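Worth saying up front: this structure is predicted, and the values here are computed from it rather than measured. Counting begins at 1 with the first residue of the sequence.
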Amino acid sequence: ERPLFNPLRLVNVDAVLRDGIVDATGAILLEAQRRQLADFTARHVMSDGAGAARVNAANLTFNPDLQPYDITERTRGLVEGVTGSADIVGDITWTRDAITSTGRVQLNGVSLATSTIPIVENVTGEIFFDDLFALTTPPGQQVNIGALNPGVEVTNGRVRFQLLPEQKVAIENAEFDFASGVLEMRPTTITLGADETRFELRLRDLDASSLLATLNVPDLEATGRLEGSFPL
């Protein structure tokens with residue numbers, strides 16, 4: 001199984017042991033690049049064998065020199081060409097028997113490509129992870145997407161979703177502006193990186209002339225409004 005994280009190094013660690021409790025602060029580096037990713041604070045109660053840590057990655061900026069798969073191999077093949085910044089806060093708790101994690105990721109205009117959609121631009125919104133290690137979320141996560149182009153561009157996307165185990169995404173609702181109307185994806189569950197994905201699209205109140213212009217259909221004119229649904 002692919003490792004959860006590529007090698008990380010703790011640096012500038014300051015720790016104090018007092019009355020059987022360790023309090024520590026420091027920074028986390030991506031070892032391969034010697035790039036600082038985040039700061040952390042932690043507390044461990046030695047008698048209980050339990051503790052907690054908060055990891056704070058403020059303004060983590062992705063570019064050609066830093067991609068998500070540089071940090072975790074579990075994103076390799078799912079997203080690429082990521083640019084833009086994100087603020088990430090992770091909370092980790094542990095006992096002698098288990099370790100759990102939650103996190104919040106604030107996307108500040110992130111653009112990327114996926115294996116099925118080559119252009120996804122200006123994604124904003126906050127995502128809450130109920131298991132940061134498994135990269136899963138509760139239902140009802142929402143993001144806005146400036147533009148998405150799987151072959152025909154749609155804009156101003158409003159997407160509500162849930163991230164599930166085994167790289168599955170439950171699309172609860174997705175709407176985009178398209179040809180002076182709305183293109184909607186019906187609720188479905190898709191597997192990221194799958195060879196084939198099937199879903200149903202619905203068109204609402206499209207302008208016929210705008211649709212022809214968007215699809216770049218030559219030598220054809222039309223007026224009126226269009227609606228309907230089709231599988232893809």
Side-chain angles (χ1 to χ4, degrees), residues 62 68 75 77-88 104-130 135-232:
F62 295 101
T75 63
L78 298 180
V79 295
E80 59 186 36
V82 180
T83 60
S85 69
D87 298 310
I88 304 171
R104 294 186 182 274
V105 177
Q106 177 69 44
L107 301 173
N108 305 315
V110 172
S111 298
L112 54 96
T114 74
S115 56
T116 54
I117 302 176
I119 300 175
V120 183
E121 296 180 341
N122 193 25
V123 183
T124 59
E126 184 180 83
I127 303 173
F128 173 70
F129 291 86
D130 53 10
L135 298 179
T136 59
T137 73
Q141 306 304 306
Q142 297 187 63
V143 296
N144 295 323
I145 301 175
L148 183 148
N149 192 334
V152 176
E153 185 177 73
V154 294
T155 59
N156 189 28
R158 293 84 65 190
V159 181
R160 189 173 69 246
F161 65 95
Q162 179 184 11
L163 298 180
L164 302 170
E166 300 179 351
Q167 299 178 341
K168 296 182 184 295
V169 181
I171 303 296
E172 299 168 0
N173 186 63
E175 293 184 346
F176 296 85
D177 293 346
F178 179 61
S180 300
V182 175
L183 184 147
E184 176 186 1
M185 179 186 293
R186 304 301 295 269
T188 188
T189 299
I190 61 177
T191 300
L192 299 176
D195 293 335
E196 183 175 83
T197 300
R198 294 175 178 267
F199 47 89
E200 183 178 345
L201 298 179
R202 179 174 173 78
L203 307 176
R204 298 203 319 263
D205 200 28
L206 265 63
D207 178 73
S209 61
S210 295
L211 178 61
L212 294 180
T214 300
L215 298 179
N216 195 26
V217 179
D219 303 324
L220 184 63
E221 295 181 358
T223 59
R225 313 298 294 185
L226 302 172
E227 66 177 30
S229 60
F230 58 94
L232 189 64

Tell me the closest heavy-atom pair linking V123 and L107, and the distance in Å. O-CB, 3.6 Å
Let me confirm one number: the CG-CG distance from N156 to L148, rounded to the nearest 0.5 Å. 12.0 Å
Are any side-chain N or O atoms of S111 and backbone N or O atoms of N122, one a donor and one an acceptor, separated by less than 3.5 Å? yes
Which atom pair, heavy atoms only, marks the closest approach of A222 to A208? CB-CB, 3.9 Å
Residues at least two apart in sequence or cross-chain that pass salt bridge (Lys or Arg N to Asp or Glu O under 4.0 Å) with R225, listed by chain then number, are D205, D207
Roughly how far apart are I119 CD1 and I145 CD1, rounded to 0.5 Å? 13.0 Å
Closest approach of T136 and D130, non-hydrogen atoms and distance? O-OD1, 2.8 Å
Hey, does L226 have a side-chain heavy atom less than 4.5 Å from the side chain of L203? no
When rounded to the nearest 0.5 angstrom, what distance separates CZ in F199 from OG1 in T189? 13.0 Å
Taking the side chain as C-beta and beyond, is there a heavy-atom pair between P138 and Q141 under 4.5 Å? yes
Between T191 and T197, what is the shortest heavy-atom contact and its length? O-OG1, 4.4 Å
Expected output: side-chain Q162 to main-chain T137 donor-acceptor under 3.5 Å: yes
Qualifying residues under salt bridge (Lys or Arg N to Asp or Glu O under 4.0 Å), relative to E121, sequence neighbours excluded: none
Pairwise distance CG(L183) to CZ(R204) - rounded to 0.5 angstrom: 9.5 Å
I need the minimum non-hydrogen distance between V110 and S85, along with the two atoms involved. CG2-O, 3.3 Å
For P68 versus V79, what's the shortest heavy-atom pair and its separation? CG-CG2, 4.3 Å
CG on D219 to CG on L212, rounded to 0.5 Å: 11.0 Å
Quick check against the 3.5 Å criterion: does E172 have a side-chain atom that pairs as donor or acceptor with the backbone of G140? yes
Within a strict 4.5 Å, meaning less than it, do heavy atoms of the N173 and E184 side chains meet? yes
Gap between atom CG of L135 and atom CD1 of I127 - 0.5 Å precision: 10.0 Å
Would you say the side chain of R158 lies within less than 4.5 Å of the side chain of Q142, judging by non-hydrogen atoms? no
